[in-house]
J.: 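Once you've had a glance at the structure underneath, I'll fire off some questions.
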2 protein chains.
Amino acid sequence: MTSESPSIVDVAKKAGVSVATASRVMSGSTYPVSEGTREKVLLAARELRYVPNSLARSLKAQRSKLIAVLVGDNADPYFAQVARGVEEVANSHGYLTIICNTERDPIRELSYLQTLQDYRADGIIFTGSGSDETSVPEQLEIDDMIEKIQRRGAAIVMLSPHNLQAPSIQPDNLGGAYELTRYLLELGHTRIAFVTGPANVTVANQRLQGYRQALTDSGITPDDTLLFPGNFAQAGGERAAAMLDQLPREKRPSAVFACNDETAFGLMYGLHQHGWRLPEDISICGFGNLPMARMVTPALTTANISLRELGRAGAQKILALLQHQDTTVQETFPTTIVKRASTIPFAHTTSDMDNK
Amino acid sequence: MTSESPSIVDVAKKAGVSVATASRVMSGSTYPVSEGTREKVLLAARELRYVPNSLARSLKAQRSKLIAVLVGDNADPYFAQVARGVEEVANSHGYLTIICNTERDPIRELSYLQTLQDYRADGIIFTGSGSDETSVPEQLEIDDMIEKIQRRGAAIVMLSPHNLQAPSIQPDNLGGAYELTRYLLELGHTRIAFVTGPANVTVANQRLQGYRQALTDSGITPDDTLLFPGNFAQAGGERAAAMLDQLPREKRPSAVFACNDETAFGLMYGLHQHGWRLPEDISICGFGNLPMARMVTPALTTANISLRELGRAGAQKILALLQHQDTTVQETFPTTIVKRASTIPFAHTTSDMDNK
DNA sequence: TTGTAAGCGTTATCAG
DNA sequence: CTGATAACGCTTACAA
């Protein structure tokens with residue numbers, strides 16, 4: 001009963017060659033090996049059901065063939081899509097994908113970075129952490145850690161705005177938000193509310209900025225009483241709905257820009273609960289174009305980010321960096337707005353809200 | 001410019017002790033080390049910013065502290081939730097989580113198993129593969145591989161029905177489907193359609209079986225013309241909607257059991273497109289209780305599976321198995337039905353469908 | 001073209 | 001309590 005996995009030594013022995021030769025065959029080295037011995041080794045390996053030990057190989061080679069993706073929460077559809085893209089590319093190049101949930105907590109983030117350093121991960125992809133907060137003490141350690149990881153030769157890529165020293169591919173949050181707001185303005189809306197993301201999260205602030213810019217460019221002064229706090233989750237949208245419902249009628253906006261789709265879903269649900277009719281009573285748009293965006297009622301107007309593609313691009317950049325074949329440092333990833341039923345012209349919006 | 005990570009040898013040197021001693025301190029061994037030397041080592045390690053190499057450690061220890069989770073698609077909310085649970089437990093015990101998308105393709109599954117064997121993954125969690133198909137040639141190789149992995153000492157846990165030799169924790173699909181169908185019957189529905197999952201997927205068939213059983217127990221003969229092919233995705237639901245819409249009025253069911261929530265979403269969307277009013281024209285239920293189930297209009301009646309908890313349980317079982325502290329082989333995970341607005345009494349269903 | 005042997009960074013065994 | 005040394009399984013100079 002041989003429960004032990006055979007090693008390359010066993011293969012060599014069985015094939016009647018040296019370990020070096022066996023290794024050269026098994027590792028797909030370019031080193032010349034005669035056809036005859038090659039066959040012998042291959043045969044022995046097959047018979048022993050030899051499986052190379054990646055751990056040993058990695059230890060020797062100083063590269064693990066592991067790529068990690070740091071996300072806030074892998075069950076959040078946004079991150080899930082990105083991770084999917086990463087995994088696709090990683091897998092097709094013989095890399096394994098490690099998933100790390102940080103919950104946007106610098107402590108967890110740091111802890112994971114530490115572990116990934118221990119494992120000598122070859123690549124690390126950040127997405128959706130990106131805090132504006134420089135005051136948090138862990139941020140310094142994170143910066144430190146990142147530099148250390150890079151010095152080791154590992155590649156780091158950011159898929160969201162980050163004030164860290166690393167190559168990045170960033171969705172055009174500002175542009176998308178600007179376009180989306182312009183679209184609402186074109187529909188005739190002027191009182192447009194905004195449900196924010198978590199405090200200090202850069203992506204959220206970029207979208208806010210795009211919204212503000214579009215208003216200003218149209219000669220409208222952004223009204224901070226139309227800003228509602230959200231958290232990128234459904235709950236935040238629901239809370240915003242409750243607040244909107246409390247607003248005296250004349251203070252109500254005719255449209256709301258939710259900082260991401262998840263928030264928009266919560267907002268729509270909440271307004272529904274409060275008896276609002278959508279989109280007649282209010283127009284709503286989100287950001288991200290999650291798969292559910294077209295399925296909700298009414299279908300959600302939003303900005304599309306090809307998340308899976310973003311993930312793929314991120315992984316590809318990692319691979320390029322590992323081969324020192326990438327010089328560009330900052331790339332922008334396009335966003336395009338998707339017009340659906342949740343936004344209608346202001347003229348068609350119910351001005352008389354007695355129904356509510 | 002020392003770009004090389006310091007090793008334990010460097011720490012030992014700096015602390016003026018042997019590598020053995022340094023290792024004993026750093027690895028948290030129970031081996032006695034005098035307080036003084038311990039301090040010295042710790043200090044040296046800190047000054048050098050020493051990071052233990054997990055690869056080397058794993059190679060030596062013959063365990064990698066890697067747990068893999070095999071899913072159909074990590075962006076599918078069902079799998080995403082499970083993976084989240086796995087990651088939580090894994091991380092809190094110092095394990096990394098590897099995500100593997102199999103797309104329910106035996107070839108990809110096999111390829112991943114191979115790689116995981118190469119990496120000496122300590123635990124592998126299967127979820128949502130589970131084909132009834134024994135005829136596919138890869139299945140034999142997969143069985144083989146699994147046995148080999150287990151012989152190596154790695155733990156394997158299935159979170160969905162599977163005809164493989166491994167411990168499992170299975171959601172009560174049959175019971176949940178039975179209860180859900182009974183509920184529809186209690187509401188007075190008798191013509192209840194069923195949208196299936198992908199062919200040969202065991203979970204889907206279990207749900208179908210529960211549905212059939214409930215009908216039979218109520219003296220109703222299951223009518224195969226009310227079976228519509230689905231694929232666990234929105235698209236399948238949309239196709240079923242189109243087919244329902246084609247049905248002559250008198251042949252239409254008054255309720256539909258969609259094999260999972262995703263399918264139900266597609267179905268609802270499709271019916272909407274075709275001008276059906278929900279739930280007045282037809283009652284719908286899903287299975288799984290995804291986060292979006294309560295957000296769609298009307299809110300979806302479904303069977304709840306605590307997916308994150310399921311993932312946690314799976315990871316915990318892996319850990320227990322690795323310590324040979326688990327004897328139970330088959331566990332069932334409860335499902336509970338959640339009644340929402342998408343299902344109404346048959347009496348309230350529009351019999352006159354002129355509106356359509 | 002093949003083989004020998006050193007070494008990747010740890011930990012465990014065995015002597016002191 | 002501490003230290004030298006042999007593994008773990010693999011790759012790669014360097015020799016032959």
Side-chain angles (χ1 to χ4, degrees), chain A residues 2-42 44-45 48-65 94 117-122 152-153, chain B residues 2-42 44-45 48-65 94 117-122 152-153:
Chain A
T2 162
S3 97
E4 291 307 314
S5 301
S7 81
I8 194 135
V9 188
D10 303 310
V11 174
K13 213 170 285 174
K14 174 140 195 162
V17 301
S18 73
V19 273
T21 310
S23 167
R24 295 199 260 258
V25 172
M26 298 315 296
S27 66
S29 148
T30 59
Y31 205 93
V33 173
S34 82
E35 207 39 54
T37 38
R38 175 178 300 275
E39 297 282 313
K40 275 194 297 184
V41 173
L42 251 23
L48 289 172
R49 292 175 139 278
Y50 167 68
V51 176
N53 185 319
S54 299
L55 260 21
R57 189 175 276 180
S58 295
L59 175 60
K60 178 69 189 174
Q62 303 280 42
R63 53 124 200 64
S64 58
K65 290 228 149 197
Q117 177 77 320
D118 296 357
Y119 274 85
R120 305 299 189 261
D122 290 338
R152 168 168 61 81
Chain B
T2 162
S3 97
E4 293 306 313
S5 300
S7 81
I8 193 130
V9 189
D10 303 310
V11 175
K13 213 168 283 172
K14 174 140 194 163
V17 299
S18 74
V19 270
T21 309
S23 168
R24 296 200 259 258
V25 173
M26 297 315 295
S27 66
S29 150
T30 59
Y31 206 93
V33 173
S34 82
E35 208 38 55
T37 37
R38 172 177 305 274
E39 299 282 311
K40 274 193 298 185
V41 173
L42 252 23
L48 289 172
R49 294 176 137 275
Y50 166 69
V51 177
N53 185 321
S54 299
L55 259 23
R57 189 176 274 181
S58 293
L59 175 61
K60 178 71 188 168
Q62 303 280 43
R63 52 125 201 65
S64 58
K65 290 231 149 196
Q117 177 77 318
D118 296 358
Y119 273 87
R120 305 297 188 264
D122 290 338
R152 167 168 61 81

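Order of the sequence lines fixes the chain letters, A, B, ..., with proteins taken first and strands second; residue numbering starts at 1 for each chain.
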J.: Show the nearest heavy-atom pair for residues B/S64 and B/D122, with the distance to one decimal.
T.: N-OD1, 3.1 Å

J.: Would you say C/dT10 has OP1 or OP2 under 4.0 Å from some side-chain N or O of B/Y50?
T.: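 Answer is yes, contact under 4.0 Å.
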
J.: In residues 15-27 of chain B, what residues come within less than 4.0 Å of DNA chain C, judged by heavy atoms?
T.: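 Residues of residues 15-27 of chain B that come under 4.0 Å of DNA chain C are, in numerical order, B/A20, B/S23, B/R24, B/S27.
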
J.: Take the protein atom CG of B/L55 and the nucleotide atom P of C/dT10, then report the distance between them rounded to whole Å.
T.: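 Between P of C/dT10 and CG of B/L55: 10 Å.
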
J.: Where the side chain of B/Y31 is concerned, which of C/dC14, D/dC8, C/dT10 is the nearest nucleotide?
T.: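 So the side chain of B/Y31 is nearest to C/dC14.
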
J.: Taking the side chain from B/R120 and the backbone from B/L59, do they hold a donor-acceptor pair closer than 3.5 Å?
T.: no

J.: Near B/K14 NZ, under 6.0 Å, is it more than 12 heavy atoms from other residues, nucleotides or ligands?
T.: yes

J.: What is the distance, to the nearest angstrom, from the NZ atom on B/K13 to the P atom on C/dG9?
T.: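 About 12 Å, once rounded to whole Å.
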
J.: With rounding to the nearest 0.5 Å, note down the distance linking CD1 in A/I8 to NZ in A/K13.
T.: 12.5 Å

J.: Looking at CG of B/L48 and OG of B/S5, how far apart are the two atoms once the value is rounded to the nearest 0.5 Å?
T.: 11.0 Å

J.: Donor-acceptor pair, B/R152 side chain versus B/A121 backbone, under 3.5 Å?
T.: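 Indeed, once roles are kept as given, a pair shorter than 3.5 Å links the two residues.
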
J.: What is the separation between atom CZ on A/R152 and atom C1' on C/dG9, rounded to the nearest whole Å?
T.: 14 Å

J.: Please report, rounded to the nearest Å, how far the P atom of C/dC8 is from the CG atom of A/N53.
T.: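 Checked: the CG to P distance equals 18 Å.
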
J.: Please tabulate, for the side chains in residues 21-33 of chain A, all donor-acceptor contacts under 3.5 angstrom to protein atoms that are two or more places apart in sequence or on a different chain.
T.:
{"from": "A/T21", "atom 1": "OG1", "to": "A/S18", "atom 2": "OG", "distance (Å)": "3.0"}
{"from": "A/S27", "atom 1": "OG", "to": "A/S23", "atom 2": "O", "distance (Å)": "2.8"}
{"from": "A/S29", "atom 1": "OG", "to": "A/Y31", "atom 2": "N", "distance (Å)": "2.8"}

J.: Does some side-chain heavy atom of B/S58 sit less than 4.5 Å from a side-chain heavy atom of B/L55?
T.: no

J.: Among the candidates C/dG3, D/dC8, D/dG3, find the nucleotide nearest to the side-chain atoms of B/K60.
T.: D/dC8

J.: Between D/dT12 atom P and A/L59 atom CG, what is the distance in whole Å?
T.: 13 Å

J.: With B/D118, which residues qualify under side-chain contact (heavy atoms from CB on, under 4.5 Å), at least two apart?
T.: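 In terms of side-chain contact (heavy atoms from CB on, under 4.5 Å), with neighbours along the sequence ignored, B/D118 is linked to A/V51, A/P52, A/S54, B/Q114.
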
J.: Taking only heavy atoms on the protein side, list every residue of residues 32-41 of chain B lying under 4.0 Å from any atom of DNA chain C, sorted numerically.
T.: none

J.: Please list all pairs meeting salt bridge (Lys or Arg N to Asp or Glu O under 4.0 Å) that have one or both residues in residues 50-65 of chain B, counting only residues at least two apart or in different chains.
T.: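 Qualifying pairs: none.
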
J.: Take atom CD of B/Q62 and atom P of D/dC8, then tell me their distance rounded to the nearest Å.
T.: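 B/Q62 atom CD is separated from D/dC8 atom P by 8 Å.
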
J.: How long is the line joining CZ of A/R57 and C1' of D/dC8, in whole Å?
T.: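 Rounding to the nearest Å, CZ of A/R57 and C1' of D/dC8 are 16 Å apart.
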
J.: Can you tell me the distance, in whole Å, between the CZ atom of A/R63 and the P atom of D/dC10?
T.: 13 Å

J.: Rounded to 10°, tell me the angle between the two end axes of the helix from C/dT1-D/dA16 to C/dG16-D/dC1, each built from five pairs.
T.: 50°

